[in-house]
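Everything numeric here is computed off the predicted structure, so don't read it as measured data. Below, chain A is the first sequence line, B the second, and so on; all start at residue 1.
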Amino acid sequence: MKLTLRIWRQHDADTAGAMATYEIDGISEDMSFLEMLDQLNEELILAGDDPVAFDHDCREGICGACGMVINGQAHGPERTTACQLHMRHFSDGDTIDVEPWRAAAFPVVRDLVVDRSAFDRVIGAGGYVSVPTGAAPEAHATPVPKEAADLAFEHAACIGCGACVAACPNGSAMLFTAAKVVHLNVLPQGAPERESRVLGMVEAMDDQGFGGCTNTGECATACPKGIPLTAIAAMNREYLRASVKGNRRR
Amino acid sequence: MHPASDYTAYRTGTPIADTKAPDGPIAERWDRRRFDAKLVNPANRRKHTVIVVGTGLAGGAAGATLAEQGYHVVQFCYQDSPRRAHSIAAQGGINAAKNYRNDGDSVHRLFYDTVKGGDFRARESNVHRLAQISVEIIDQCVAQGVPFAREYGGLLDTRSFGGVQVSRTFYARGQTGQQLLLGAYQALSRQIDAGAVEMHPRTEMLDLIVVDGRARGIVARDLVTGRIDTYFADAVVLASGGYGNVFYLSTNAKNSNATAVWRAHRRGALFANPCFTQIHPTCIPRSGDHQSKLTLMSESLRNDGRIWVPKAHGDTRPPADIPEDERDYYLERIYPAFGNLVPRDIASRAAKNVCDEGRGVGPGGQGVYLDFADAIRRMGRDAVEAKYGNLFEMYERITAEDPYEVPMRIYPAIHYTMGGLWVDYDLQTTVPGLFAIGEANFSDHGANRLGASALMQGLADGYFVLPSTINDYLARHPHDDVPADHPAAADAVAEVTARLSRLLAVDGDRTPDSFHRELGELLWDECGMARTDEGLRKALDRIPQLREEFWRRLKVPGTGEELNQSLEKANRIVDYLELAELICLDALHRAESCGGHFREESQTPEGEAARRDDAFSYAAAWEFTGTGTPPVLHKEDLVFEYVHPTQRSYA
Amino acid sequence: MALATRTARSPSLIGFLWRSTVGKKAVMAATGLIMLGYLVAHMIGNLKIFFGPGEFDSYAHWLRTIGEPVLHYEWFLWILRVVLVAAVVLHGVAAYQLSRRDLAARPDKYRRTRARTSYATRTMRWGGVILLLFLIWHLLDLTTLDANPNAQHGHPYANIVASFDRWYVALFYIVAMLALGLHIRHGFWSAAQTLGANSPRRDRVLKATANGLAALLTLGFVAVPIGVLTGIVS
Ligand SMILES: Cc1cc2nc3c(=O)[nH]c(=O)nc-3n(C[C@H](O)[C@H](O)[C@H](O)COP(=O)(O)OP(=O)(O)OC[C@H]3O[C@@H](n4cnc5c(N)ncnc54)[C@H](O)[C@@H]3O)c2cc1C
Ligand code: HEM
Ligand code: HEM
Ligand code: SF4
Ligand code: F3S
Ligand code: FES
């Protein structure tokens, strides 16, 4: 099929960007969206232009590297990642707008590549269980009810892609942060640090310049891994609980 | 004179031996080694800096653990976050000899299965240690909050996986690697936050700095600014993963690459068994030339799916119209004992054979059916969905076919590389102070890796083995600073910069990818599932020509002082073009069939792989002598005191 | 660390909450719910107007005598006023501060956008502003009576009629009530979410309740100006 692409081009964080238009032909519907961009880039290189920079690695929808706003929707029309979005969901002659994640906490690095390191700092503020290597008890010492294990898994499935932030009108990282808080706080292994974890991560989230949550719900709609909106309620509950319990930091 | 014939004229140098493994009863060796190892006084650890390249299961685990021990860790990955390492893609599970099922499993059985599965080309002491540590890994990960699948009683669930008859594989849906990696990533993040680990994401190691024969640092490029920097340390650990992407199409992450290990090889680290590459039987067949990578369908699918092709050649009827008696469930037919669960290399080759016979299905006849009709009839659709739901979704998303209705189509693809940097029992390479862990080394899987054993090895190396053995090295080499302007560093930087500017200068008419594709196809055809003397020589002829053409016709836009993904690619291809040559030479010299390496000249009358222990019971460690010039072969003889080599038979 | 936590001077709960987006939002939710509670009562009270001047005015008088003899005349009303003012101020200030932050966190918009959220959700901020303006007018109109020329203290019934006889005032009230309805439609569920009361099981129920409350309050309040305009109340 034949497509018109309008893609955000921006050389680096300091220079202003703009949408550029490209015509592309001979797109197979079995291609992934990224393979379509690969073809565009091959053509750009031979034409002596700079190819479009975008993050990607696994191309299986699991590493969370890829991410772009396609026609105003994070990761495009399907509930999946850009690398797992196939061209059969578009039709011949379409005009497709491709933009980077837009959020103050995710500055653009180049073209469709943004800096998501703020996520790593949120995890560093408590998104772990403090168990040095070797200090672990026998795995069966603490059975975990299947429901808890499944709930933990459902939230642990977050791939840190940032679509939630990109989709949120407030550039809020609530869904991402909530996913990790719920994952660890529902498990007995996470219990000892239950309060410090949620307090620390929310504080970091604010410090990283993410917006607040107005319960808009766009994040959960965009999330390729189906992290439920109620995760945010659960995190709020954990946060208020921790605040009341009184071990407040700073 | 001909370049290829020239390259094949390799020399056999002095044999190499693993001097670190203690002798004595195998079950006691690891304890003995840990006891004999010198320790670094906790107070002095801070003074020691360790560079860790990679944040996958191996690197992530090692970085976190070394920092917990008190060392100063400087860590690198090319992704924007350590959490995205290729390990994240692992689906099926991780082995451990917990014997929770009481089905006769034990450390010794896991050890035995791994040595046998590796077709007797792995080192016994290493494998046994791996089996011992496997149980600690599960404890560690569970404590980290890794949400492994559980049963209603709240205990961990396990399943049988890839050609073993005990259920020793722990899993988290189809996303085991992701959950294990996030566990390591979280432990690492804790250390980064504490300032114990200095993390450099989007920074690619481009060379190794060797000072007075010891690895003392690396040269790395900031992928965003293009800045080339040197980093110094008391020891360097490579956890940079496998080199499967040399084949262009593989199940590896798109940017996985061989640069770190190949640069180290050029600096003196021997490269062992490069031709031991694993082909995974259950991948989604390619859909066209646009294909950028291949997607794996976890082989756990083989537990319930049945593999078949039509009996008749060129039978193009839709699967549903092919009656039972006109189907050939060839694995169940040829290997009644193991059926669809035979090891990967066997399942892959069988698939290739039926396709070569013209019985393959799907576009280009490059595929076989993986059928769940029976499973759905037996367990019910819901049970199947609960077990494989996300894999089925993934398949449908990619192929637009519903595996609940029509059988999946699968075909083998390059998946894993058993070969890698040669390391001793301490995981140290032949360059003192340079260690290699995870898929980057060659150690534990011999000629073929069993399913769910790579995660086990990566975590064993990272959490438990390296952190103990590196102590010994650091204790023996008190910290001393390397002057930033040391000639060795300056040379390495100069070489790296020269190479990059040369890549940018060619300004030809072919894209980096076009070369990578061509090289990949060549390797897949001549050095893929079945290899012949003739084909390998053909490849060895072609590769130098391709290399020459690369430097003449390559086109890389932009500059080196910016985010330039084409430059990154081109730079990795330079190394592939050299590594590919070594892979083919290794495959050529090993005139036997073993594990993932199948030489058509060496097979039994029944067409099974014929191993030749008399001539090839060794690990081939190659020494670099120059681009395109014949390397030197150092043999490490393999002695088997506990598992007596037998012809692998799964019939 | 644990020690540091304990020794570090720990602020009051509200003070602590006010410092984080999640906490500040909780304050908003709580104050919002307080106001919501008041409004339910207020609406029910207002409906007494359909039983005629006598009953309505005595009700208004009773409002001032609640709690007697323990409380003095109008004390309860004053306590209520203090609570309400506190609520409105906290709610409004939090809303303002959070909105500022949220807008800053997402500086540039997308070229093409697909809003997949409800109208109520998207109009919370403007709805709030309208409500604020309404409140000011409303107090001047029916409490202080400054904005209600021909009105006299102690005769709320007459005052209401006098006020709504001016069609534009009635219209403004009706518009404001619609804004209120929307505000609550998202607000109630949102508050549950913010206070962590939501869960996969409760989600539907809460959404339904929110819609119910919104409809109830809007209709209940709007009934009065309509009543006056149609002459049912005169
Ligand atoms: C699709 C798939 C499924 C798999 N499933 C299973 C399974 O079910 N069970 C199992 O046991 N095994 C499985 N494997 C194999 C297993 O996942 C890998 O062997 C293992 O994860 C390798 O881990 P690693 O830490 O050695 O390297 P990786 O996880 O590959 O990490 C490499 C790291 O090195 C970094 N790096 C590389 N080069 C450089 C450089 N030059 N400079 C800086 N950083 C660099 C990367 O950024 C990355 O962080 C699977 C593999 C694939 C491809
Ligand atoms: C003073 C004028 C008011 C302003 C400026 C205002 C503004 C806002 C804003 C901006 C929000 C946040 C919207 C969101 O989070 O999605 C909000 C939420 C809310 N408002 Fe108001 N509002 C006002 C009056 C009221 C009144 C009178 C009520 C009582 C019915 C009310 C009840 C609520 C509730 C329940 C919420 C939900 C809180 C939450 O989301 O956690 N508000 N308000
Ligand atoms: C058509 C709808 C409404 C009518 C007819 C109405 C009527 C009145 C009347 C008659 C009074 C004065 C009572 C008295 O002093 O005895 C009053 C007071 C008040 N109303 Fe309303 N009201 C309406 C809607 C609202 C709404 C939507 C709000 C809030 C957003 C509100 C908030 C108040 C407040 C805060 C007071 C002051 C109470 C006090 O301190 O005395 N009213 N209202
Ligand atoms: S919550 Fe969903 S959208 Fe947000 S980062 Fe995780 S996976 Fe991506
Ligand atoms: S979209 Fe944003 S406002 Fe909250 S509910 Fe999701 S974070
Ligand atoms: S590239 Fe890994 S999720 Fe898309």
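A distance-only check finds a donor-acceptor pair linking the side chain of C:Q193 to the backbone of A:L229 [under 3.5 Å]. Judged by distance alone, with hydrogens and angles left aside, the side-chain atoms of A:R6 form no donor-acceptor pair with the main-chain N or O of C:R111 at under 3.5 Å. A:D206 places a side-chain N or O within 3.5 Å of a backbone atom of C:T21 that can act as its donor or acceptor partner. Using modelled atom types, no side-chain atom of C:H186 and backbone atom of A:T216 make a donor-acceptor pair closer than 3.5 Å. No donor-acceptor distance shorter than 3.5 angstrom exists from the side chain of C:Y110 to the backbone of A:I70, with no hydrogens or angles considered. Checking side-chain atoms of C:K25 against main-chain N and O of A:G212 turns up no donor-acceptor pair under 3.5 Å.
Between chain C and the options A:I232, A:N236, A:V69, the largest number of non-hydrogen pairs under 4.5 Å is found for A:N236. Among A:G171, A:P169, A:A105, A:P228, the residue with the largest count of heavy-atom pairs under 4.5 Å with chain C is A:P169. Considering only heavy-atom pairs separated by less than 4.5 Å from chain C, the leading option among A:T221, A:V165, A:V202, A:T214 is A:T214. Interface summary for chain C: among A:C168, A:A231, A:A167, the most heavy-atom pairs under 4.5 angstrom belong to A:C168. Looking only at heavy-atom pairs under 4.5 Å with chain C, the residue among A:S172, A:G211, A:G217 that has the most is A:G211. Highest contact tally toward chain A, considering only C:M28, C:K24, C:R101, is held by C:R101 [criterion: heavy-atom pairs under 4.5 Å]. Chain A forms the most heavy-atom pairs under 4.5 Å with one residue out of C:D108, C:D102, C:L195, C:L103, and that residue is C:D102. Note on A:E99, A:M205, A:R237: by heavy-atom pairs under 4.5 Å with chain C, the leading option is A:E99.
Neither the backbone nor the side chain of C:R201 comes within contact range of chain A; no heavy atoms are under 4.5 Å apart. With a 4.5 angstrom heavy-atom cutoff, A:F210 touches chain C only via backbone atoms. Of the two parts of C:A104, only the backbone, made up of N, CA, C and O, holds a non-hydrogen atom closer than 4.5 Å to a non-hydrogen atom of chain A. Contacts of C:L98 with chain A are absent, with no heavy-atom separation under 4.5 Å from either backbone or side chain. For C:T121, the part lying near chain A is the side chain, with the backbone staying farther off; criterion is any non-hydrogen pair under 4.5 Å. The parts of A:A166 that come within reach of chain C are both its backbone and its side chain, each placing non-hydrogen atoms under 4.5 angstrom from that chain.
More than 12 heavy-atom neighbours from other residues, nucleotides or ligands sit within 6.0 angstrom of CH2 on C:W18.
Side-chain atoms of A:T230 and C:N198 include no donor-acceptor pair closer than 3.5 Å. Defined by atom type and a distance below 3.5 Å, a donor-acceptor pair is missing between the side-chain atoms of C:R106 and A:N170. A donor and an acceptor atom, one from each side chain of C:T194 and A:N215, are located under 3.5 Å apart.
Put simply, the side chain of A:V244 does not reach to within 4.5 Å of the side chain of C:F16, judged on heavy atoms.
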A:L240 vs C:L17, side chain to side chain contact (heavy atoms under 4.5 Å, CB included): CA-CA, chis, key distance, verdict: CA-CA 8 Å; A:L240 295 173; C:L17 291 179; 4.0 Å; yes

